[in-house]
J.: 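Submitted below is the structure of interest, expressed as structure tokens.
Counting starts at 1 for both ligands and their atoms, in listed order. FYI, side chains are in, hydrogens and waters are out, and symmetry mates aren't considered; it's all heavy atoms of this structure.
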Amino acid sequence: MTADPTKTTPIEGAMGLAATRELEERYLMRTYKRGAVDFVRGEGCHLYDAEGRQYLDFLAGISVCSLGHCHPAVVAAVTEQAARLMHVSNLFYTEPMTRLAQRLSESSLGGRVFFCNSGTEANEAAIKVARKHAHGRGIAAPEIVSFEGEFHGRTYGALSATPKLARNEALGPYLPGFVSVPDNDARALRAAVGPNTAAVLIEPIQGESGVWVTSEEALMAAREVCDEAGALLIFDEIQTGIGRTGSLWAYEQTPVRPDVITSAKALGGGMPIGACITGPAAAEALQPGDHGSTFAAGPIATGAALAVLDAVDDPALLRSVRELGARLRAGLEELPGVVGTRGRGLMVGVALEEGIDAPAVGADLLERGLVVNTPAADTIRLLPPLVVDADQIDKAVGLIGESLLVFGAHGR
Ligand SMILES: *Cc1c(COP(=O)(O)O)cnc(C)c1O
């Protein structure tokens with residue numbers, strides 16, 4: 001199943017890492033630290049660099065390529081639609097967006113959908129929904145409450161709702177009206193929510209901070225205080241949604257049902273698209289003129305998302321996500337150097353023994369042909385395509401084990 005890396009052939013016409021890197025260093029804003037590889041092609045769970053070397057991808061473009069790279073159904077949806085009609089704006093009707101909105105609403109909260117082009121924009125829409133809903137209840141200065149370890153995006157609203165990660169005071173001032181409490185602290189949450197609260201905005205599983213599952217107690221407390229205050233409970237399912245945790249939406253495996261969810265990442269199978277999906281309580285909050293986006297809801301992105309949902313919203317695939325997630329975690333937990341795993345389904349955080357530097361392990365794994373991500377100094381994050389198979393899971397566990405031994409894993 002795994003090609004010998006030495007037997008692969010270079011990609012015709014590819015510039016190669018050295019030349020790509022030189023241009024990147026000269027012309028791109030310095031906002032990203034990149035892994036030392038120039039990817040030129042993807043197929044299923046594999047990526048290929050300019051030299052033709054094969055990599056097993058356990059990051060999937062940060063949980064975007066959940067059907068694997070260049071899934072035939074997504075490629076067909078995109079290419080056929082691109083050849084027929086690419087864009088007309090939201091001033092007219094197009095079929096794919098209406099079918100996708102129906103599908104998202106019927107698969108979740110039953111209300112209305114606003115489309116956009118990214119995760120951060122989906123949260124911007126949710127913030128507008130929450131504030132408008134609050135103004136409708138006579139609240140002049142609405143507040144949105146979140147847990148401290150959350151990540152909601154990089155635009156100013158979403159960043160203002162991101163209490164710690166990505167926070168840089170040199171980018172200030174941030175927006176008023178955002179409050180945070182310590183993770184999973186139900187008491188602090190109860191104390192922070194009151195008559196001015198528009199919404200509680202939470203990730204059911206914190207992704208960017210290293211895969212931390214929000215406790216059931218905290219989720220239930222959030223539901224309760226929102227009900228008491230008349231506020232909206234918003235789940236950011238940008239990373240957890242679209243099957244990642246083994247159900248279409250992560251909230252399905254929790255005891256609570258939110259009023260609004262936001263989606264992006266895997267929704268478009270690689271095409272940029274985000275969505276803010278409401279239940280009945282929030283469906284009518286936004287009215288003409290309140291929000292919009294030129295690119296949003298375009299037929300290519302929404303058509304791709306329909307193809308993604310056709311494949312992901314399948315009980316057999318979702319069962320396999322739960323089973324393979326359990327296999328992955330069981331394998332990892334046997335490895336010397338691993339102190340534990342966190343997550344649900346195929347969203348897995350791997351906690352490393354003290355003294356092992358996760359970013360160094362991540363760089364070493366890339367050299368060994370395994371793509372992962374390290375969101376913290378002691379954590380590896382694994383987000384493989386949902387179509388991964390048991391052999392690929394075992395291979396990744398084996399590679400991580402080999403790497404950890406090099407970094408001085410002692411075992412428990
Ligand atoms: C990735 C992510 C976002 C931001 O999405 P972008 O598409 O990068 O704007 C927001 N919330 C969560 C939970 C995410 O994982």
Side-chain angles (χ1 to χ4, degrees), residues 29 31-34 59-66 114-130 144 146-167 171 175 178 180 183 199-214 218-219 222 233-245 249-251 254 258 260-277 293 295-298 301 304-305 308 342-349 373-376 379 381-384 386:
M29 288 201 194
T31 54
Y32 277 102
K33 267 195 215 144
R34 297 172 205 270
L59 183 58
I62 320 181
S63 194
V64 166
C65 307
S66 282
F114 178 84
F115 287 117
C116 50
N117 314 287
S118 65
T120 198
E121 288 171 80
N123 285 331
E124 295 296 327
I127 292 165
K128 278 197 179 179
V129 166
I144 293 178
S146 297
F147 286 121
E148 279 169 2
E150 290 176 12
F151 178 79
H152 296 297
R154 300 279 192 164
T155 50
Y156 273 101
L159 196 53
S160 299
T162 296
K164 283 189 169 160
L165 284 178
R167 186 56 68 106
L171 298 174
L175 296 189
F178 292 87
S180 66
D183 289 350
V200 172
L201 166 61
I202 41 188
E203 292 179 79
I205 302 173
Q206 293 179 6
E208 294 308 297
S209 65
V211 190
W212 296 95
V213 180
T214 304
L219 295 179
L233 178 59
I234 305 173
F235 274 13
D236 178 338
E237 291 239 27
I238 288 162
Q239 193 161 148
T240 57
I242 317 295
R244 173 56 56 190
T245 68
W249 305 106
Y251 81 79
T254 75
V260 177
I261 53 180
T262 53
S263 180
K265 287 203 165 87
L267 176 59
M271 294 301 294
I273 181 170
C276 174
I277 307 162
S293 161
F295 282 129
V308 167
R342 306 182 291 265
R344 194 164 284 153
L346 285 170
M347 179 171 183
V348 176
N373 162 255
T374 50
T379 304
R381 178 173 51 164
L382 303 174
L383 300 162
L386 307 183

J.: Return yes or no for this condition: an N or O of Gly119 is under 3.5 Å from an N or O of ligand 1.
T.: yes
J.: Using distance alone, decide if ligand 1 has a nitrogen or oxygen within less than 3.5 Å of any nitrogen or oxygen in Phe151.
T.: yes
J.: Of all the non-hydrogen atoms in the protein, which one sits nearest to atom 9 (O) of ligand 1, and at what distance?
T.: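 Going atom by atom, the protein heavy atom closest to atom 9 (O) of ligand 1 ends up being Thr120 N, 2.8 Å.
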J.: Taking Ser263 for its side chain and Ala275 for its backbone only, find out whether a donor-acceptor pair lies under 3.5 Å.
T.: no
J.: For atom 11 (N) of ligand 1, what's the nearest protein heavy atom and its distance?
T.: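 Here the nearest protein heavy atom works out to Asp236 OD2, 2.7 Å.
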J.: By number and element, which atoms of ligand 1 are closer than 4.0 Å to a non-hydrogen atom of Glu203?
T.: 13 (C)
J.: Test your reading of the model: is there a side-chain donor-acceptor pair from Asp183 to the backbone of Glu148, 3.5 Å cut-off?
T.: yes
J.: Using a 4.0 Å heavy-atom threshold (strictly under), name the region of His152 that reaches ligand 1: side chain, backbone, both or neither.
T.: backbone
J.: Starting from atom 1 (C) of ligand 1, find the nearest protein heavy-atom neighbour and note its residue, name and distance.
T.: Lys265 NZ, 1.4 Å
J.: With side chain to side chain donor-acceptor pair (under 3.5 Å) as the test, pick out the partner of Ser63 among Arg244, Lys265, Arg381.
T.: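 Answer to the side chain to side chain donor-acceptor pair (under 3.5 Å) test with Ser63 among Arg244, Lys265, Arg381: Arg244.
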J.: Which atoms form the tightest heavy-atom contact between Cys276 and Val260, and what is the distance?
T.: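 Shortest heavy-atom contact: SG-CG1, 3.7 Å.
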J.: Using a 3.5 Å distance criterion without hydrogens, assess whether the side chain of Ser66 forms a donor-acceptor pair with backbone atoms of Leu386.
T.: no
J.: Side chains of Thr240 and Thr245 only: does a donor on one sit below 3.5 Å from an acceptor on the other?
T.: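 No, no side-chain donor-acceptor pair sits under 3.5 Å.
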J.: Using distance alone, decide if ligand 1 has a nitrogen or oxygen within less than 3.5 Å of any nitrogen or oxygen in Gln239.
T.: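 By distance alone, the answer is yes.
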